[in-house]
Amino acid sequence: MDKLIMTAGPTQIREDVRMAMSREIVSPDFEPSFFEYYKETADKIGELMKTNNDILIMAGEGILGLEAACASLIEEGDRVLCIENGIFGRDFGDFAKLYGADVEYFKSSYRRGVDISALKEFLLKDSDFKLATVVGCETPSGVANQLDKIGPILNSYGILVISDIVSSIGGDEVKVDEWKIDIGIGASQKCISAAPGLTILSVSDRAWNAIKNRKTAVKSYYCNIGLWENWYEKKWFPYTQSISDIYGLRKAVDNIIEEGDYIKRHEDIALRIRRAITESGLSLYTKSDYSNCVTVIEIPEGLSYSEIYEKMLENGVMISGAFDILENKVFRIGNMGENAREDKVYRALEALDRTMRELGVELKREIHKAFNNK
Ligand SMILES: *Cc1c(COP(=O)(O)O)cnc(C)c1O
């Protein structure tokens, strides 16, 4: 039996996406049709992100997008608000510091969404920030922040909103324009279910203006979003585009748009997994504001992550652990993108049920059966 990959990214990729990557290539620097193809692909991604802002597809994994946003907007001494309620949120502050920001942290529980009323109170006392960083879905802890509230609050103070929505786009609801996100950052390998290697950035007019009005030059070439201004009119890219990766991404995005109600699929499956986990007697790490793209489960007392991981593999399924402060505390099922299919999730939960029993955990209910009981 083939091993089923249910990690929290990279996710499984459909065969038509893999086939698209093997298409014959044209010159991405000179072929006029490639500029049209890139533009169409960007527009379709804008549809997924619900935005009319410019979309850039950059060659590099999602982290490139986080760093590019910081490099392009931040000048020495700029005040940045880092909204931290998870590992990615916290580390966003480090990228800001790398480019000279004076970073202030607003901390909130790692097990729930950002505390909105506390954020409002914080901003009443101090709101003199050029930009704020905030994560949509904290993939290591399974929290989905209320960007619909956070974005407009920050925007009302004139603070630019930079949001890591890497593991939200193509799974959970994303509304970049309505939520006032100035730079929204995505990646190919999470809910979009394309190969790892591409970053997606939406850039608002306010963000473009902030980049253009810098007093000092951006201290990077590859991370300089400014170089992409008017790429379409000029028919020019700052560097040769990863055309095969973009072919794959385009197919994956087409698949999502064709499906239509993918958000409902993610919601439905995620809810059923959480219910099955809880009914079995295992505990979710996340306490509220659940992401529908990843399920984060506490490691039962007396067990280690490596025991669970190895036993799951023996039972045919690969899952994720977590790193940093969550290392050896939780394990994760990535129910995102092409992983979030009923048959695959059933197989993963059946393997989890067997794994737990083999490791001596007493379960109140069969996990896969609880999942199936709609
Ligand atoms: C996956 C992910 C990224 C990209 O990070 P990698 O660890 O390099 O895959 C960034 N932000 C979030 C929230 C992610 O889930």
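Atoms within each ligand, like the ligands themselves, are counted from 1 in listed order. All residue numbers refer to positions in the sequence shown, counting from 1. Values below: all heavy atoms of this structure, side chains included; hydrogens, waters and symmetry mates excluded.
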Next item on the list: Using a strict 4.0 Å cut-off to heavy atoms of Ile63, name the atoms of ligand 1 that fall inside it.
Entry: 5 (O), 8 (O)
Margin query: Is a donor from one side chain sitting under 3.5 angstrom from an acceptor on the other, for Asn85 and Asn145?
Written below: yes
Checklist line | Shortest protein heavy-atom distance from atom 5 (O) of ligand 1, along with the residue and atom involved | finding: Glu61 OE2, 3.5 Å
Checklist line | Nearest protein heavy atom with distance in Å, relative to atom 7 (O) of ligand 1 | finding: Phe88 CZ, 3.9 Å
Check: Ile273, Val143: one ILVMFWY side-chain cluster at the under-4.5 Å cut-off?
Finding: no
Item checked: Thr139 neighbourhood, listing ligand 1 atoms whose heavy-atom distance to it stays under 4.0 Å -> 12 (C), 13 (C), 14 (C), 15 (O)
Item checked: Salt-bridge criterion met for Glu75 and Lys215 (N-O under 4.0 Å) -> no
Check: Can you list the atoms of ligand 1 that are under 4.0 Å from a heavy atom of Cys137?
Finding: 13 (C)
Item checked: Atom indices of ligand 1, in the order listed, that fall short of 4.0 Å to a heavy atom of Gln189 -> 9 (O)
Checklist line | Tyr247/Tyr37 aromatic ring centres below 6.0 Å | finding: yes
Next item on the list: Answer with yes or no after comparing the ring centroid distance for Phe237 and Tyr38 against a 6.0 Å cut-off, counting only values under it.
Entry: yes
Item checked: N-O pairing of Arg250 and Glu40 below 4.0 Å -> yes
Check: Below 4.0 angstrom, N of the basic side chain to O of the carboxylate: do Lys44 and Asp254 qualify?
Finding: yes
Notebook entry, point to check: With a cut-off of 4.0 Å, which atoms of ligand 1 are near a heavy atom of Ser167?
Noted result: 15 (O)
Notebook entry, point to check: Taking the non-hydrogen atoms of Glu138, is any one of them nearer than 4.0 angstrom to ligand 1?
Noted result: no
Next item on the list: Kindly state whether the ring of Tyr222 and the ring of Tyr239 have centres lying under 6.0 angstrom apart.
Entry: yes
Check: Which residue owns the protein heavy atom closest to atom 2 (C) of ligand 1, what's the atom, and how far is it?
Finding: Lys190 NZ, 2.4 Å
Checklist line | Contact check, Gly9 vs ligand 1, heavy-atom distance below 4.0 Å | finding: no
Notebook entry, point to check: Looking at atom 11 (N) of ligand 1, what's its closest protein heavy atom, distance included?
Noted result: Asp164 OD2, 2.6 Å
